Protein chains: 2
Amino acid sequence: MGLDKRKRQVLYAIVHDYIQTGEPVGSRTISRRYELGVSPATIRNEMSDLEEMGYLEQPHTSAGRIPSDLGYRFYVDFLLRVPSLTRQETEMIKRVLSLRMRSAEEIVQQLARLLSALTSYTAIVLGPSESQARLRQVQLVPISSRQIYLVGVTDGGLLLNRMIEVPGGVAPESLAYLQQWLNQRLAGLTLEQIKAQSLADVQHDMQISIDLFETVVDELLGIAHRPEAGKVYLGGTTNILNQPEFHDLQKVRTILELLEEDALIWQAIAQVAGKGISVSIGTENPLSAMHDCSLITAEYRLGGGLVGHFGLLGPTRMNYERVFALVQGVCDTLNQLYGKES
Amino acid sequence: MGLDKRKRQVLYAIVHDYIQTGEPVGSRTISRRYELGVSPATIRNEMSDLEEMGYLEQPHTSAGRIPSDLGYRFYVDFLLRVPSLTRQETEMIKRVLSLRMRSAEEIVQQLARLLSALTSYTAIVLGPSESQARLRQVQLVPISSRQIYLVGVTDGGLLLNRMIEVPGGVAPESLAYLQQWLNQRLAGLTLEQIKAQSLADVQHDMQISIDLFETVVDELLGIAHRPEAGKVYLGGTTNILNQPEFHDLQKVRTILELLEEDALIWQAIAQVAGKGISVSIGTENPLSAMHDCSLITAEYRLGGGLVGHFGLLGPTRMNYERVFALVQGVCDTLNQLYGKES
DNA sequence: TGTTAGCACTCTCCTTTGGCGAGTGCTAAT
DNA sequence: ATTAGCACTCGCCAAAGGAGAGTGCTAACA
C-alpha cells in the first residue's frame, strides 16, 4: 500500500493500457494518452520505482513495462473502476437466461455460452452441487425387475435422476411403500440433512427389506458422497486462440489439454472460489498450467438449494473491469430469475 | 484403374512414407526405403506420370511429391493393407467398452475417449438416434400440477427422458389411464413406427382430453421431429495440436471452432456416413473447414434399436491403415457386447 | 523401347547482417 | 522535485547468401 497518488495513477495507466494494447507500455505513451501533467522522464522514474517494488516488469531492457502478477493484484484490489453494463448487454443477459429452460443442466449450459459470448474468454461453469438441494418429492419408477429409476424433484422444480440397481429385485408394492415413506420423511430436507440425519430408527417400522431401503437411500445421496467430482460445462474454448499471448502453440496446448480434465478444473475452481467474486491472478492459481492466466469466479444460485460456481478464464492481461461488471450483472440476473423459489 | 503394377507400388510407397514422415517424398527416398528394384530416375518418371494423372502434387518445384486427395482416395480404395490389432489393443477396447455403464450416454462418452486415446486424432460420436429405438415401456411421473416427466425404457434397457408441460393440468387418474394406454398400444414399436401410425382412431375410446394426449405423444416423438439435431460427444480435441500440419494457428482455430458447432458436425457426419466404414478425404468433405482433414465414419449399434455413427477426424495425412483396423475392432466389440438384445 | 547415369537448375530453409525504431537510464540544468 | 537531452540497448525486419534436397532433361545403354 505504500503507493502515493501519482504512483497509483501511473500503475493504473500502465495496466489499463497494457490490457487494451497487449504491448509493453512506455513512458512516452503514458504521458501522451493519460493526462498526468508530468513529463515522460518523471514517469520513467516512477516506473523505475514501481518495478523495484515488484509491480512492474520489463520483458527486456529498453522495452516498455508490463504489469507483474503483483501489479495486477494491486490494480484489481484498489484501482479497478468497474463500469456499468450497457443497456443492450443487460437486456441480452436477461433474455438469454430467461429462456424457457427445463433443467438445471440447460441453464448451466446457456450460462457458459452467454459468458463466453460476452467476453472473448473461456467460460467454465461447474454443475450445481446437489448436496444443498432441497427435495420436494421423490418418485421411484420400476424399469426392470432389478432396476429402479429414481426421479427427485427439488424445491426449485429441477430434477435429480438416478438409476438404481437392486440385485435382489423389488415387488411393486414395496416400491410404492418405500416411495411414500421417503416422501413423508424426507420432503423439504436437503440431501446433506438427509445424510446427516440418523436413519437408524427407521428399521422397525419398515415393511420392506433393509437392503432395498439402504440401496435406494445410498444412491439418492450418491452425489453427496463424492463432492470433489462433478460436471464441468465450458463455453468459448476457442476464444483463447484469439488472445495474442496465446499465439504460442505450446501454451495453447497446455491450456486446452487442461480444459479437457474436468476433475482438475473442478478442483481448481472450488479451491479458488469464495462467496462473492474472487480473482486468481497468474501464479496465484493452484494449477501451474494456469500460471499465465487469470480466473475470475463467482457463485450462482438456481433456487431450491442448487448452488454452484462459474468462472472466466483468460490471460492475466484480461479486461478485469469489464469482466467484473459482467459477472456482477449475470449474478444479479440469475438471482432475480431463480433466486426466489419457483 | 489405369495404373500398372509399378505405378501402384510407387503410389503406395509415397502415400505410406508421407503418412509416416509428413514430408514430401523424393525419388531417392523411395528407391532407398522401398525395394522396387529400379533406380530413382525411373521412379521420377513414374512420379511425373502419377502427377499428371492427378494422384500426386508438388508443393513447389523441386520438392518431393505428396499425395493429392485423389491419390489418397486410390490408396484407400485399392492399396490399403489393413493390419490386425495387437493383442493389447483388442484387450483394451474390450475392457473399456465393457465397463459397467448405465446409460447410452455413458457408453457413447467412453467410446469417444477410447477412440481418441488409441489414435492421435479427434473422435466424434453422435448420440444414438432414438427414432429406431424400440419402446419397452413408458412411465409418466407427475412432477407438478402442470408438468409430467416421461420416462421411456427401450428394448436395450436404455432410457429416454422428456419433461412435458401440460398447460391445462392433469388429474392423476388421467395420467394412469394414459400411461396404461400408451403401454398397451405402443410397446414394442419404434418411435418412427409410432409416428407413422395413424393415431386418428384413438379419439373415440379415450377417456381423457385430446389435448393431453396430443401433448404427451408429440413430446414422446419430440426427437423424431428434428432428426438433424442431436448430441455430439468429442474425445481428444487437443490431439490435432500434435499434428504437424496444424502448426498453423489459423487452421487450428478453424477446426476447433468447427468442433464447437454441434449442429454442423452432426450434419456433416450424417451426410458422409454410410452403412459400413466410410472415408471422406479432404475436399470430399461437405464442410470447407474440413478440407484439410479426413473423416472416417462407421455405424454403431447399442441394441434395442439404438444406432448411431462415430467418426475419427484427422489430417488428410492420417494413418488410414491403422484407423481402419481400429474402427473395425471397435465395431466388432460393440456388436459383441451390445449387439444381442440385453 | 524401357531404364539409367549425369548434370544444370530451381526452390525452400536457415543463418547472418545491418538498419530502424522504441524506450530506457543517466546527467546536468531549471 | 522535475525536466530536457543524449548515448545506449535491444528486438524486429528485410535483404543477402549459402546449403541441401529434388527435379527434369539429355544422352548413353541393354
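Naming convention: chains lettered A, B, ... in sequence-line order (proteins, then strands); numbering from 1 in each chain. Here the structure is a predicted model, which means the values were calculated and not measured. Below, all heavy atoms of this structure are taken into account, side chains as well, without hydrogens, waters or symmetry copies.
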*Minimum-distance nucleotide to His60(B) side chain [options: dT4(C), dC10(D), dC11(C)]*: dC11(C)
*Between dT4(C), dG25(C), dG23(C), which one does the side chain of Ser48(A) approach most closely?*
dG25(C)
*asked:* Can you work out whether Ile43(B) or Thr61(B) has the more 5'-proximal nearest nucleotide on DNA chain C?
replied: Ile43(B)
Using atom [atom1] of [X] as one end and atom [atom2] of [N] as the other, report the distance to the nearest whole Å.
X: Ile30(A); N: dT24(C); atom1: CD1; atom2: C1'; result: 13 Å
X: Met47(A); N: dG23(C); atom1: CE; atom2: C1'; result: 9 Å
X: Gln58(B); N: dC9(C); atom1: CD; atom2: C1'; result: 13 Å
X: Asp17(B); N: dG22(D); atom1: CG; atom2: P; result: 11 Å
X: Ile14(B); N: dG22(D); atom1: CD1; atom2: C1'; result: 13 Å
X: Arg65(A); N: dA22(C); atom1: CZ; atom2: P; result: 18 Å
X: Glu23(A); N: dT24(C); atom1: CD; atom2: P; result: 14 Å
X: Asp49(A); N: dT24(C); atom1: CG; atom2: C1'; result: 14 Å

*Beyond-backbone contact of Val323(B) with Tyr121(B), side-chain heavy atoms, under 4.5 angstrom*: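 The answer is yes, as the side chains (C-beta and beyond) meet within the 4.5 Å cut-off.
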Side-chain N or O of [X] versus OP1/OP2 of [N]: is the shortest distance under 4.0 Å?
X: Ser62(A); N: dA22(C); result: no
X: Arg6(A); N: dT2(D); result: yes
X: Ser27(B); N: dT23(D); result: yes

_Consider side chain to side chain contact (heavy atoms under 4.5 Å, CB included). Of Ile265(A), Leu259(A), Val125(A), which one does Val232(A) pass it with?_
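Looking at Ile265(A), Leu259(A), Val125(A), the match for Val232(A) under the side chain to side chain contact (heavy atoms under 4.5 Å, CB included) is Ile265(A).
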*Is the Tyr320(B)-Phe324(B) ring centre distance short of 6.0 angstrom?*
no
_Pair Arg73(A) + Asp77(A): basic N to acidic O under 4.0 Å_ =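 Counted as a salt bridge, because a side-chain N and a carboxylate O are separated by less than 4.0 Å.
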*Could a donor-acceptor pair under 3.5 angstrom be found where the side chain of Arg44(A) meets the base of dG25(C)?*
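When only heavy-atom distances are counted, Arg44(A) does reach the base of dG25(C) through a donor-acceptor pair under 3.5 Å.
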*Expected output: side-chain Glu321(A) to main-chain Arg81(A) donor-acceptor under 3.5 Å*: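 Side chain of Glu321(A) to backbone of Arg81(A): a pair is present.
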